[in-house]
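Step one of this worksheet: look at the structure below.
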Amino acid sequence: MVNMGWGEAIKKVLADQGEPMRTSEIAQAILDGKLRTKVGATPHTAVASYLSQEPLRSEVEKLDRGVFRYPPAASPKREDDSVVVNTPVVALEDSGTADVSEDERGLLNAFGLFWRRAEIDWTPSAPKLLGVQLTGSTAVDFSNQEGVYLLYDVTRLVYVGRVTEPRLGRRLREHTRDRLSGRWDRFSWFGVRPVGADGQLEVVPDSGLNADLVISTLEALLIEALEPPQNRRQGDGFAELEFIQQTDPDIEKTRKRRLLEELSEQL
């Protein structure tokens, strides 16, 4: 595995591809090609951030929102036909806090769609809600996220709720034991706490808005618009913020142990 700077890795991936790529595709190619020894929990966010800053902002062609191209260009020549040698640009050090603009993301800083209830170990009082931004990136635990969540029976929405304290995992665990326990098998969530490159949830950004009020208002609007049957009271550009669920390792261990036990019984 090589260890390129983010800028060098981005340009290599684009040059090797030879055609426009989205930021998510660039980040995944860096992971797949093992171009960096450390990518952190938010490689997609890091790529988007580096492409918005100098020197990449001037060196890489932006074709559309989130779409870039870097064709290998021939070195220019002087009048005496001597080749102009381009001075290599020193890659920026990874500060570990590369993030998209707060103005662009608003209060929505991370979300997950249709996560599977069965992929989470609900035994602990604070279950882990593990997700990854891209395949191969560091897993993030969203159990302390704040925001709005939706419960589904397969694909049918049955309940909308909110958490205005860092306890999304605990709140969902309560729904495995209350009147909703047998009524949902998937959930989506929309959080206001951003993810740092180290995989830790950061504090809610100071946007001038009251986060608790925004969360409560969004919950009420969703309840009014969608009319989920189990609610007793009535009330773009985010591609790089979505996280894909990762199965809790303890669940995987339990499944493998049960499989080995079943195989042993059959022998």
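Along the sequence shown, residues carry numbers from 1.
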Do D153 and D185 have side chains that get closer than 4.5 Å, going by heavy atoms? yes
So K38 and N3, do their side chains get closer than 4.5 Å, heavy atoms only? no
Just do the side chain to side chain contact (heavy atoms under 4.5 Å, CB included) check on T42 and H44 with the steps written out, would you? CA-CA 6 Å; T42 56; H44 187 174; over 6 Å; no
Salt bridge present between R255 and E119 (N-O < 4.0 angstrom): yes
Less than 4.0 angstrom from a charged side-chain N to a carboxylate O is my criterion; do E59 and K11 meet it? yes
Quick one: closest heavy-atom pair of V163 and I215, and the distance? O-CD1, 3.9 Å
Minimum heavy-atom separation for P127 to R170, with atom names? CD-N, 4.4 Å
Is the number of heavy atoms from other residues, nucleotides or ligands within 6.0 Å of CZ (R183) greater than 12? no
How about R179: does its CZ atom have over 12 heavy atoms from other parts shown lying under 6.0 Å from it? yes
For a side chain to side chain donor-acceptor pair (under 3.5 Å) with R167, tell me which candidate from E174, E146, Q145 qualifies. E174
Look at the side chain of R193 and the backbone N and O of N144, then say whether any donor-acceptor pair between them is shorter than 3.5 Å. yes
Do S58 and E54 have side-chain atoms, one donor and one acceptor, less than 3.5 Å apart? yes
Within 45° of the axis and under 6.0 Å from the centre of the six-membered ring of W184, does NZ or CZ of R117 qualify? yes
Among W115, Y149, F111, F114, find the one that has a ring-ring contact (aromatic ring centres under 6.0 Å, His included) with W189. W115
Kindly determine whether I10 and L56 satisfy side chain to side chain contact (heavy atoms under 4.5 Å, CB included), including the steps that lead there. CA-CA 9 Å; I10 290 169; L56 292 188; 3.8 Å; yes
